[in-house]
Number of protein chains: 2
Amino acid sequence: MLKEERQHIILNEVALHNKVLLTDIAELLDVSIDTIRRDVKELDGENRLRKVHGGAISLGFTSSTVQNANIYALEEKRKIAEKAVTMLKEGGVIFIDGGTTCLELARQIPETIKLTCFTMSLQVAMELLSKPNVKVIFVGGEISPDSQISVGLNTIHQLSEIQVDYSFIGTGYVDSIFGLTEFDWDIVQVKKAVIKASKKTVLLSISEKLNSQHRYKTCDINAINTMITELNPNNNLLNLFRNQEIHLL
Amino acid sequence: MLKEERQHIILNEVALHNKVLLTDIAELLDVSIDTIRRDVKELDGENRLRKVHGGAISLGFTSSTVQNANIYALEEKRKIAEKAVTMLKEGGVIFIDGGTTCLELARQIPETIKLTCFTMSLQVAMELLSKPNVKVIFVGGEISPDSQISVGLNTIHQLSEIQVDYSFIGTGYVDSIFGLTEFDWDIVQVKKAVIKASKKTVLLSISEKLNSQHRYKTCDINAINTMITELNPNNNLLNLFRNQEIHLL
DNA sequence: TCAATAAATGCTTTTTTTTGCAGTATTTAA
DNA sequence: TTAAATACTGCAAAAAAAAGCATTTATTGA
C-alpha cells in the first residue's frame, strides 16, 4: 500500500468521524502503529488534521468557533429570538429572563417598538438600555455570581408585586414529562416567581435541551403557554410536547 | 475515548447548561471523576471555562470584559480608588454608587477581602461579580438609560430599608458652599436616599469637579464624612473644604 | 543489470502521558 | 460545630510516544 493512499484513508476517517484512534487505523490498514503514527505526524505538520495523544482529530472539531463566538449555538438562539420578537406588542409589558438565549432576544428587540421590560439579568438590562423606546426595570436582589441574575427572597417578593403580559424565560433542562428543571435551587425559586407574575409564559430553548432534566423543578410543562425552539413547529422531535395546552412556535 | 474528545464534550455541556457537576460528567462519559477533574482544571487553565467547587461554569457569564477605553481622567480616578480601597474593612457592608470613579473603586477591590456590596449601578454590579468574596446586592428599579443606575420611587423605598457602614458616592458637581449638586433630579433623589442609608458617606471626586455646581442639590458638604480626590490632602485646592467635620484623604 | 543511496517500515527499548485508586486535606452545608 | 462531599497528592499500571536500529523496498545513475 502506498503512503499517499494510507494518508488519504486516514484523512477520510477523520473527516467522517471527527476523530480516529491510531490503533484502529493500524488494524484497519494492517500496518504497524509506528507507520500510522508517522503518517499522522506528517499530516499534522501539514495542518491537515490535529494529532493528539492516542489518535487524531479533525481541525474543525477544535478550532475557531471558540473565540469568535462566546455563545454556544448562537445561530439557533438567533433563530429562536427572531421568532420570539414576533410575539412582542407595541406598548406591552414583558419580562425577560437571563441566559444567552434571552440575551439574544433582548438584542433583537427592534429599536422602534415601545415596551416596558422587567428583568433580573444584568446583561439583559445592559443590552436593553441601548433600545431608545424600552423602559427597563431591574428587579433587584442578591446577585448570583454564576448566572448574573438576582436571586433570593427580596427578588421573589418584588416579583410578587408585579404582573406582566408575557414573560420570556430560558431553562437549564426541559422534558415533556418532568417539565422545566434546573441545577440551582435559588434560580428555580426565582423562576417560579417569574411565572407567577406573568399572564403568559414563553419558553425559549434550543432543541438540544429537550428531553433533559436535573435536580430541581421549576414547573410542569403545562405552565408554559408557548415554547420556541429553533426547529420548525412540525418537527418530529417536538412530538412529545404536542398537546392542546402548549403552543409551539 | 480521546482526551480532546472528552474535553470537547465537557465544554459542550457547560455551554449548554451553563453549569455542570463533575460527577454528572464522569457518569455521562463513564470515566473516573479524577479524570474529569483534571480535564476541567486544564480547561480552566486555558480559560475555556471556570472551575468551581464540584463542577464548572461557563465563561460567558463571568468574562464580561467591560471596556474602560474612554474613561475621562482615568489616572486620577485610579488614584482615588486606591485611596478608597484603604477604607474597606473585612466583612464590611458598603454601598457603591455608579459613575466611572466608583466603577474604578469596584475594580480595585482586592480579591481577598470579604464584603457585602449594595449598588444600583449595572456596571458596578458586573464588575463586583468578578470578586469571589464580595456578595453583590443590586438595588433594583427603573434603570436610567443615561447613568445606567436604578432611579425612582421603588429604588428609594428599598434604600430606606437598608443601612450600610459606608457608602462611596460620586457626584456631578461639588462646591464647598453649595454642596453636592447634580444635573438630574431623579438621580438626586436616589443619592439622598443612599446618604440616608449610610452611617458614613465617602465622596469620590476628581479635583476638576471642585467648586462647581448645578441645578439640583443632593446634600450639604457637611453630609459627607470623607472626601477623596486624587490630590494630596494638604493641597491648597482643598483649603475651602478643610474644616472640622469633613475628613480629607 | 547492478550497486549505491535514500526512503519506508517494523521492532525493541526508554520515556512520557494518561488514568484510576487510595489516603489525606479541604470545603460546603446542615 | 460535625458530617458529607469534594479536592488534592502521590503512586502504580497501562497506554502511547519517541528514539534508535535493523531490515526491506524503492530510486537513481552508471
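In the text below, chain A, chain B and the rest are named by the order of the sequence lines, each starting its count at 1. Predicted, not measured: the structure shown is a model, and the values here were computed from it.
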Overall bend - the helix from C:dT1-D:dA30 to C:dA30-D:dT1, comparing terminal axes fitted on five pairs, nearest 10 degrees: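 Angle reported: 40°, given to the nearest ten degrees.
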Could you tell me if B:Ser121 and B:Gln148 have a donor-acceptor pair between their side chains, going purely by distance under 3.5 Å?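 No - no donor-acceptor pair under 3.5 Å links their side chains.
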Using salt bridge (Lys or Arg N to Asp or Glu O under 4.0 Å) as the criterion, point out the one residue from B:Lys77, B:Arg78, B:Lys83 that pairs with B:Glu104.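 The passing option is B:Arg78.
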In whole Å, I'd like the distance from the [atom1] atom of [X] to the [atom2] atom of [N].
X        : N      : atom1 : atom2 : result
A:Lys51  : D:dA17 : NZ    : C1'   : 7 Å
A:Trp185 : C:dA29 : CH2   : C1'   : 14 Å
A:Asp146 : C:dT28 : CG    : P     : 12 Å
A:Lys3   : D:dT27 : NZ    : P     : 12 Å
A:Leu2   : C:dA7  : CG    : P     : 17 Å
A:Lys41  : D:dA19 : NZ    : C1'   : 9 Å
B:Asp30  : C:dT19 : CG    : C1'   : 13 Å
A:His53  : C:dT16 : NE2   : P     : 13 Å

Quick check: do A:Leu180 and A:Tyr173 have side-chain heavy atoms less than 4.5 Å from each other?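 Answer no - side chains too far apart.
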Are any of the side-chain heavy atoms of B:Ile109 and B:Leu128 separated by less than 4.5 Å?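 Sidechains of B:Leu128 and B:Ile109: in contact.
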Indicate yes or no for a side-chain donor-acceptor contact from [X] to the backbone of [Y] under 3.5 Å, with no hydrogens or angles considered.
X        : Y        : value
A:Asp175 : A:Ile177 : yes
A:Thr155 : A:Gly140 : yes
A:Ser198 : A:Thr201 : no

Kindly state which residues belonging to residues 13-25 of chain A come within less than 4.0 angstrom of DNA chain D, counting heavy atoms of the residue only, listed by number.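 Heavy-atom cutoff 4.0 Å gives A:Leu22, A:Thr23.
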Please work out which residues in residues 31-40 of chain A have a non-hydrogen atom less than 4.0 Å from an atom of DNA chain D and list them by number.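 Listed by number, they are A:Asp34, A:Arg37.
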Determine, stepwise, if the pair A:Lys191 / A:Asp97 fulfils salt bridge (Lys or Arg N to Asp or Glu O under 4.0 Å). CA-CA 8 Å; A:Lys191 291 209 172 168; A:Asp97 191 13; 3.1 Å; yes
Which residues satisfy the salt bridge (charged side-chain N to carboxylate O under 4.0 Å, His left out) test with A:Lys19, sequence neighbours excluded?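 Result, salt bridge (charged side-chain N to carboxylate O under 4.0 Å, His left out) vs A:Lys19: B:Glu5.
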All salt bridge (charged side-chain N to carboxylate O under 4.0 Å, His left out) counterparts of B:Lys196, not counting sequence neighbours: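 Result, salt bridge (charged side-chain N to carboxylate O under 4.0 Å, His left out) vs B:Lys196: none returned.
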Tell me the ring-ring contact (aromatic ring centres under 6.0 Å, His included) pairs involving residues 153-172 of chain A, sequence neighbours left out?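 Sorted result for residues 153-172 of chain A: empty, none.
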